[in-house]
There are 2 protein chains.
Amino acid sequence: MFKLKDVANLTNVSISTVSKVLNGKGRVSEKKRREILKVARQLGYTPNYHARTMARRSRILTIGLIVPDITNPFFAKLTKGVEKTCGEDALIILMDSFRNLEREEKLIKNARFFGIDGIIIGNSRVNDELVLEVSKYIPVVVFDKDYECENVVSIVLDNYHGAYSATKHLIENGCTHVVHLGGTHELFVSLQRANGYEAAMRESGFQPRIFATGYDENKGYENMKKILKQGETVDGIFCMNDLVAMGAMKAVKEFGLNIPKDIAIVGFDDDENLCEIISPSLSSVHQPVEEMGQISAKLLFELIKKDLKIKRYVFSPHLVIRQSSLKGRESQ
Amino acid sequence: MFKLKDVANLTNVSISTVSKVLNGKGRVSEKKRREILKVARQLGYTPNYHARTMARRSRILTIGLIVPDITNPFFAKLTKGVEKTCGEDALIILMDSFRNLEREEKLIKNARFFGIDGIIIGNSRVNDELVLEVSKYIPVVVFDKDYECENVVSIVLDNYHGAYSATKHLIENGCTHVVHLGGTHELFVSLQRANGYEAAMRESGFQPRIFATGYDENKGYENMKKILKQGETVDGIFCMNDLVAMGAMKAVKEFGLNIPKDIAIVGFDDDENLCEIISPSLSSVHQPVEEMGQISAKLLFELIKKDLKIKRYVFSPHLVIRQSSLKGRESQ
DNA sequence: CTGAAAGCGCTAACAC
DNA sequence: GTGTTAGCGCTTTCAG
């Protein structure tokens with residue numbers, strides 16, 4: 001790696017002159033400037049980033065983004081959102097924990113040593129103490145949780161409301177026996193969604209029936225099969241996520257029932273790739289994930305600049321209605 | 001932000017003593033060490049990353065990863081692979097160009113100014129000159145292309161072979177009228193895939209029929225519909241990617257034909273999420289994307305350390321056979 | 001116009 | 001044990 005000094009020596013000027021030319025500051029004779037530029041290019045000179053940010057007052061913002069799995073569409077979209085608001089003004093250091101909690105904690109703990117100005121923690125199951133500790137050193141953005149602490153801002157999704165409106169939609173479309181294929185309650189979100197479902201059911205005078213199902217397609221399939229086999233009366237299903245809904249659809253079809261005529265279905269997350277490719281297309285509660293990423297970054301910047309206005313940002317999901325829940329129509 | 005000097009002043013020792021304590025080097029009396037540690041913690045002192053890497057001989061590796069769209073499963077997997085081999089030893093700066101060529105070029109051009117030690121360019125349509133120029137400054141990894149240049153390594157996928165074996169598989173399963181729904185030939189990969197298809201067909205004495213289709217589900221659907229409407233004889237389809245295959249399947253089903261009995265189908269990319277959720281499940285040519293990411297990073301490290309052994313790494317895709325191509329069986 | 005010199009915050013020899 | 005000092009490579013006054 002060449003340095004200013006090398007260029008200076010080769011052109012018989014001082015390093016400060018070289019610096020000026022390379023930064024387009026101060027005035028230098030056209031002749032020298034030419035020469036310097038030429039030599040710098042020949043050498044392939046690149047200013048040392050660290051030296052530069054040391055010497056300058058202003059530094060380029062660097063934010064750490066920690067996700068459990070970049071391969072999961074949710075986190076990919078989140079990342080995209082973050083990236084969008086960073087634009088040209090900030091670098092983002094992506095750290096994937098591979099769903100390994102130990103690795104995740106290490107990443108979070110070490111982040112501040114890498115010249116990171118703030119950190120966004122994608123996993124909503126973070127250890128509270130860890131967040132509190134890290135926030136002593138750098139600003140933090142978290143999801144689905146709240147902290148009293150000064151240096152933390154929260155992005156939350158109104159899962160309750162999303163579940164409520166999905167259930168309501170099924171009822172309004174004529175379902176009288178809506179069941180909920182829920183998550184296991186180690187996750188806060190699945191509890192919230194179950195609550196939303198329950199509220200909508202009770203409000204209409206129906207008895208809620210919640211089945212602890214899980215989070216993937218296979219779980220949805222197996223559980224739905226079991227439910228149908230048991231002879232439960234079902235004409236509507238609200239699923240905790242789209243994958244579970246996919247599985248449930250498969251089971252329903254296997255029983256020779258028509259979606260949505262016999263059983264209407266709504267998912268959660270609105271992974272367009274899935275929802276639109278399946279037949280009939282799946283209605284789902286849409287999370288504005290990318291936008292959540294954008295806001296995360298925006299609030300983080302404010303926090304870094306000590307110019308925070310908002311400490312908690314709530315997103316309301318909305319229902320995207322497709323074929324799977326329109327009971328009026330029969331799918332071919 | 002506090003600095004060593006602040007801690008030193010507060011504890012009445014020199015900054016070098018503080019440095020020693022904080023880095024666990026040299027010997028310092030237990031009493032002072034305690035005091036120093038305590039004060040440092042109270043202050044929330046974090047060493048300045050840039051100053052540190054300047055003063056130290058060894059610096060932490062930082063690599064830039066440029067992708068057109070992190071939301072695309074291909075690039076998400078690639079990123080995961082890269083991250084995996086980075087492990088704890090390197091930082092990765094993720095840059096999404098949002099499929100904006102101008103932005104992408106800017107990102108690539110500027111990368112070297114951000115203390116990046118090497119760069120991985122995910123987009124296989126990069127401008128050659130740009131790659132050559134950037135490689136003068138930092139090591140580069142590219143995909144699907146080759147450069148004479150010293151400082152560039154290539155990761156390529158044997159698309160030809162993948163297409164060949166997919167087509168061969170259809171033929172061996174009894175198809176005599178296999179068509180190819182290909183891409184538009186602005187993409188090199190689609191040309192390679194078409195060539196592989198053609199070779200397999202000719203080898204078996206069949207006339208290849210290639211339809212320039214496109215890259216998404218809708219294109220696959222529309223084009224396949226047209227082909228069937230025209231009354232073409234078709235009993236096998238090799239699609240340029242999984243999305244096109246999805247669309248084609250939809251069209252085939254609409255015509256009341258059975259997959260795979262009447263028409264067998266194979267896709268490309270093997271996006272498991274899609275291939276396994278559809279019914280019948282879709283056979284597809286698998287690209288070891290994550291592994292490609294891992295190798296990219298590995299080779300980049302070697303390049304950075306001037307210890308390069310390989311200049312070109314070829315991955316061979318393999319066919320994953322699911323239900324959509326097993327002509328023997330009829331799907332229900 | 002041009003260069004000497006101070007300093008960004010930290011580390012690592014090397015004295016004391 | 002502890003402090004002094006010389007850089008790391010660059011930017012930026014401030015003289016000349």
Side-chain angles (χ1 to χ4, degrees), chain A residues 1-41 43-62 110 112-117 137-138, chain B residues 1-41 43-62 110 112-117 137-138:
Chain A
M1 285 290 87
F2 292 98
K3 14 183 212 168
L4 277 191
K5 200 176 171 188
D6 298 315
V7 182
N9 287 158
L10 254 42
T11 50
N12 296 309
V13 297
S14 72
I15 54 171
S16 70
T17 301
V18 179
S19 172
K20 273 169 200 149
V21 170
L22 263 27
N23 288 296
K25 297 189 177 174
R27 17 211 98 272
V28 179
S29 71
E30 193 50 29
K31 194 179 156 200
K32 292 202 173 181
R33 118 175 281 102
R34 279 249 166 72
E35 175 70 0
I36 289 170
L37 250 21
K38 195 178 116 200
V39 172
R41 196 167 315 121
L43 255 36
Y45 169 80
T46 296
N48 180 304
Y49 173 64
H50 303 290
R52 187 172 249 188
T53 58
M54 281 235 57
R56 291 220 249 247
R57 5 178 84 247
S58 76
R59 40 207 256 63
I60 181 152
L61 243 41
T62 305
N110 289 334
R112 68 184 170 110
F113 296 111
F114 299 138
I116 284 171
D117 302 291
Y137 300 99
I138 46 175
Chain B
M1 285 290 87
F2 292 99
K3 14 183 210 168
L4 277 191
K5 200 175 170 188
D6 298 315
V7 182
N9 287 159
L10 253 43
T11 50
N12 296 310
V13 297
S14 72
I15 54 171
S16 71
T17 300
V18 179
S19 171
K20 274 171 199 149
V21 170
L22 264 27
N23 288 294
K25 296 188 178 174
R27 19 211 97 272
V28 179
S29 71
E30 193 50 30
K31 192 181 158 198
K32 292 203 172 178
R33 117 175 282 102
R34 278 249 166 71
E35 175 70 1
I36 289 169
L37 251 19
K38 194 179 117 201
V39 172
R41 195 166 316 120
L43 255 35
Y45 169 81
T46 296
N48 180 305
Y49 173 63
H50 304 290
R52 189 174 245 188
T53 59
M54 282 237 53
R56 292 220 248 247
R57 358 183 91 246
S58 75
R59 41 206 256 60
I60 181 152
L61 243 41
T62 305
N110 289 335
R112 68 186 170 109
F113 296 112
F114 298 139
I116 284 171
D117 302 291
Y137 301 100
I138 45 175

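Order of the sequence lines sets the chain letters (A, B, ...), proteins ahead of strands, with each chain counted from 1.
The residue among B:A55 and A:R52 whose nearest nucleotide of DNA chain D is located toward the 5' end is B:A55. Comparing B:K20 and B:A51, the nucleotide of DNA chain D nearest to each residue sits closer to the 5' end for B:K20.
Considering only heavy atoms from C-beta on, B:K38 stays 4.5 Å or farther from B:R34 through its side chain. Side-chain contact between A:Y49 and B:R112 is absent, with no heavy atoms from C-beta onward closer than 4.5 Å.
Taking five base pairs at each end of the helix from C:dC1-D:dG16 to C:dC16-D:dG1 and finding the rotation axis that steps the C1' atoms of four pairs onto the next four gives two axes whose angle is 50°, to the nearest 10°.
Considering CD1 of B:I60 and CZ of A:F114, their distance stands at 4.0 Å, rounded to 0.5 Å. Here the straight-line distance linking atom CG of A:L43 with atom OH of B:Y137 works out to 10.0 Å at 0.5 Å rounding. To the nearest 0.5 Å, atom CG of residue A:D117 and atom CG of residue A:L61 are 4.5 Å apart.
Along DNA chain C, the stretch of nucleotides lying under 4.0 Å from any heavy atom of chain B spans, 5' to 3', C:dG9 to C:dA12. Scanning DNA chain D 5' to 3' for nucleotides with an atom closer than 4.0 angstrom to a non-hydrogen atom of chain A gives a first and last hit of D:dG9 to D:dT12.
Residue contacts for A:F2: at a heavy-atom cut-off of 4.0 Å it reaches no nucleic acid atom on any strand shown. Nucleic acid contact class of A:Y49 (heavy atoms, under 4.0 Å, all strands): none.
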Under 3.5 Å, which donor-acceptor pairs do the side chains of residues 20-28 of chain A form with other protein atoms, sequence neighbours left out?
unit_1	atom_1	unit_2	atom_2	d
A:N23	OD1	A:R52	NH2	3.1
A:N23	ND2	A:S19	O	2.8
A:N23	ND2	A:S19	OG	3.4

Distance-only donor-acceptor pairs under 3.5 Å for side chains of residues 1-12 of chain A, two or more places apart:
unit_1	atom_1	unit_2	atom_2	d
A:D6	OD2	A:K3	N	2.7
A:T11	OG1	A:V7	O	2.7
A:T11	OG1	A:A8	O	3.3

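Residues from residues 23-39 of chain A placing a heavy atom under 4.0 Å of any atom in DNA chain C, listed by number, are A:R27, A:V28, A:S29, A:K32.
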* To do: Might you work through the side chain to side chain donor-acceptor pair (under 3.5 Å) test for A:T53 and A:R59, ending with a clear yes or no?
  => CA-CA 5 Å; A:T53 58; A:R59 40 207 256 63; 5.6 Å; no

